[in-house]
Amino acid sequence: MWWMMNETGGNYCSKKSDDLCTNVCGQESSQVTGMSRIRCILRGLDVKAYIFLFAIIPMCTLGVYIHGQKISYFLRPLWEKPPKPFHVIPHYYHENVSMENLCKLHGWGVREFPRRVYDAVLFSNEIEILTLRWRELYPYITEFVLLESNSTFSGLPKPLVFNSNRAQFKFVEPRLTYGTIGGRFKKGENPFIEEAYQRVALDQLLKIAGITDDDLLIMSDVDEIPSAHTINLLRWCDQVPSIIHLQLKNYLYSFEYLLDEKSWRASVHRYKSGKTRYAHYRQSDNILADSGWHCSFCFRRISDFIFKMKAYSHNDRVRFSHYLSPERIQKVICKGADLFDMLPEEYTFREMIGKMGLIPHSYSAVHLPAFILENANEYKFLLPGNCMREG
């Protein structure tokens, strides 16, 4: 027997215990401190148990705290299925081919006159990218529609940046519908709720701008820029799908870092009163290949990087304060690393592992928005070989 009951009480004690444990387990145990009890327990543990308790467990806890998000993203293929593949529509274009032939190549007819086109965006602080977007699309847009709030999606107060810089956009003023909306500033609220609130307001601003049935409406973020010839094609061709997503080349920080060609959220709609709602999610299975550029975090100044990291809907990715260090951000940009130290957002281990590490440098500035090359000195921070940022 490893233990024995005391005849006069309910206490018991191991025969093989030392004096300390005898005292703790015996009649005098009520007088022993809690620390003595812990010492008694620990003296019964071997070296392996000590290593597990005081080294392995704390290290695992710290590892999960620091890299928990990476672990979650790496295991994504196990808990989330990939979305249904798009039906990719081949994109045909050459400047010397007539519009009639281009429409026929896509299986569409050609119209007698082009549709009207509305370009609507929510604006935060992307002055340079907005300039590129509007310069690229200017020849084919009927009305530019821009909504600005004094609140970020994450509920932080922000200045009306566009309103302060409106003089730079005199070239679109005759065709501009500009609106503002007050933020709700609800602390702790999911940022996507504020984003959805602003998109509903943009629906109302489009009506003020005069959009009507069968007009084309571009739904995309400011940094998701359709190419001019893509919009010209869609406005001239008949039998175009009522909703068509645009496949854009996905760039990060500048046109030096090409991530992939999988950006799909930008879309073009044939407007229908009472049915068309401004949104930024998948609304169709059709996608037109090679339709423009998505240049994410393509800012001139480090301060703009910091502002967006704290302001946009995914601000929860800023898990540690040192992520906002200007020195760190500058190093990340020039290396082609991830600002949030995240793994690639992919649905298969093969694709994820294939995209791990630094983004390869691209030295091609071919087929970029023309305005960049026409104003290369002003926009050199977006061109290959110019990773340094102001501030």
Side-chain angles (χ1 to χ4, degrees), residues 83-87 89 114-124 126 130 133-134 137 140-155 162 175-184 186 189-226 230-231 233-235 237-248 262-288 291-292 294 296 311-314:
K84 177 183 176 182
F86 279 101
H87 167 61
I89 300 173
R115 290 185 178 89
R116 302 196 309 166
V117 184
Y118 285 71
D119 181 39
V121 295
L122 293 175
F123 182 78
S124 178
E126 312 97 328
L130 181 68
R133 178 191 184 94
W134 282 0
L137 298 177
Y140 307 121
I141 300 300
T142 306
E143 191 75 11
F144 295 94
V145 182
L146 184 145
L147 180 67
E148 184 173 26
S149 175
N150 64 346
S151 167
T152 68
F153 293 156
S154 58
F162 177 83
R175 288 187 264 161
L176 174 63
T177 300
Y178 170 65
T180 60
I181 182 172
R184 296 174 306 135
K186 293 190 176 181
E189 184 178 68
N190 188 322
F192 288 99
I193 296 176
E194 177 66 27
E195 180 178 348
Y197 169 72
Q198 293 186 25
R199 294 191 189 279
V200 170
L202 190 52
D203 278 327
Q204 301 303 313
L205 190 60
L206 278 164
K207 294 177 182 178
I208 295 172
I211 194 168
T212 57
D213 285 358
D214 208 43
D215 290 341
L216 291 185
L217 171 59
I218 303 172
M219 296 186 189
S220 71
D221 286 349
V222 171
D223 58 8
E224 297 167 338
I225 307 173
T230 296
I231 300 305
L233 176 77
L234 296 177
R235 76 188 190 117
C237 295
D238 222 350
Q239 293 94 46
V240 172
S242 58
I243 302 175
I244 186 169
H245 283 273
L246 305 180
Q247 185 184 69
L248 310 178
K262 295 182 178 181
S263 180
W264 57 266
R265 291 185 178 274
S267 58
V268 177
H269 300 240
R270 286 162 57 187
Y271 189 82
K272 293 182 181 179
S273 300
K275 292 186 177 181
T276 303
R277 295 287 183 270
Y278 196 97
H280 198 234
Y281 50 76
R282 182 166 174 170
Q283 302 177 71
S284 169
D285 291 335
N286 297 309
I287 188 167
L288 184 63
S291 298
H294 180 192
S296 185
Y312 84 142
S313 298
H314 295 288

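All residue numbers in this chain count up from 1 along the given sequence. Quantities reported herein were computed from a predicted structural model and do not represent experimental measurements.
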(message) Under a 3.5 Å cutoff, is there a donor and acceptor pairing between the side chains of Ser149 and Ser151?
(response) no
(request) Indicate the atoms forming the closest heavy-atom contact of Ser220 with Val121, along with that distance. (result) O-CG1, 3.7 Å
(request) Give the minimum heavy-atom separation between Met219 and Thr276, together with the two atoms involved. (result) CE-CG2, 3.6 Å
(message) Rounded to the nearest 0.5 Å, what separates atom OG1 in Thr177 from atom CG in Asp119?
(response) 11.5 Å
(request) Give the minimum heavy-atom separation between Leu205 and Leu146, together with the two atoms involved. (result) CD2-O, 3.5 Å
(message) Test side-chain contact (heavy atoms from CB on, under 4.5 Å) on Ile218 and Ile141; report intermediate values, then the result.
(response) CA-CA 10 Å; Ile218 303 172; Ile141 300 300; 4.0 Å; yes
(message) Minimum heavy-atom separation for Asp215 and Gly210, please, with both atom names.
(response) OD2-O, 4.4 Å
(message) Does Phe153 form a side-chain contact (heavy atoms from CB on, under 4.5 Å) with Leu122? I'd like the steps, not just the answer.
(response) CA-CA 11 Å; Phe153 293 156; Leu122 293 175; 4.0 Å; yes
(request) Assess whether side-chain contact (heavy atoms from CB on, under 4.5 Å) is satisfied between Leu147 and Phe123, documenting all intermediate values. (result) CA-CA 6 Å; Leu147 180 67; Phe123 182 78; over 6 Å; no
(request) Hey, could you give me the CZ/CD distance between Arg265 and Glu224, rounded to the nearest 0.5 Å? (result) 8.0 Å
(message) Has Arg270 got a side-chain atom pairing as donor or acceptor with Pro241's backbone, closer than 3.5 angstrom?
(response) no
(request) Check whether any side-chain N or O of Asn286 sits under 3.5 Å from a backbone N or O of Ile244 as a donor-acceptor pair, and report yes or no. (result) no
(message) Does the plane of the ring in Tyr178 sit parallel, tilted or perpendicular to the ring in Phe162? Use 30° and 60° as the thresholds.
(response) tilted
(message) Can you confirm whether the side chains of Ser296 and His294 place a donor and an acceptor under 3.5 Å from each other?
(response) no
(message) Looking at Glu126 and Val222, would you say the former's side chain and the latter's main chain have a donor-acceptor pair under 3.5 Å?
(response) no
(request) Quick one: do Arg277 and Leu202 satisfy side-chain contact (heavy atoms from CB on, under 4.5 Å)? Show the steps, please. (result) CA-CA 9 Å; Arg277 295 287 183 270; Leu202 190 52; over 6 Å; no
(request) Keeping the roles fixed (side chain from Tyr278, backbone from Gln198), state whether a donor-acceptor pair exists under 3.5 Å. (result) no
(message) Under a 3.5 Å distance rule, please check whether Thr142 uses its side chain to pair with a backbone N or O of Val117 as donor and acceptor.
(response) yes
(message) Between the side chains of Glu189 and Arg184, is the shortest nitrogen-to-carboxylate-oxygen separation below 4.0 Å, so that they form an ion pair?
(response) yes
(request) Quick one: closest heavy-atom pair of His245 and Ser267, and the distance? (result) ND1-CB, 3.8 Å
(message) Donor-acceptor check, side chain of Arg133 to backbone of Asp221, threshold 3.5 angstrom: yes or no?
(response) yes
(message) If I take atom CD1 from residue Ile225 and atom CG from residue Leu246, how far apart are they, to the nearest 0.5 angstrom?
(response) 12.5 Å
(request) Drop me the distance from Lys207's NZ to Thr212's OG1, to the nearest 0.5 angstrom. (result) 13.0 Å
(request) Check whether any side-chain N or O of Arg116 sits under 3.5 Å from a backbone N or O of Arg235 as a donor-acceptor pair, and report yes or no. (result) no
(request) Would you give the length of the straight line joining atom CZ of Arg175 to atom CH2 of Trp134, rounded to the nearest 0.5 angstrom? (result) 11.0 Å
(message) Any non-hydrogen side-chain atom of Leu216 less than 4.5 Å from a side-chain atom of Tyr140?
(response) no
(request) For Glu148 and Ser124, work out which heavy atoms get closest and say how close. (result) OE2-O, 4.2 Å
(request) With rounding to the nearest 0.5 Å, note down the distance linking CD in Gln247 to OG1 in Thr230. (result) 11.0 Å
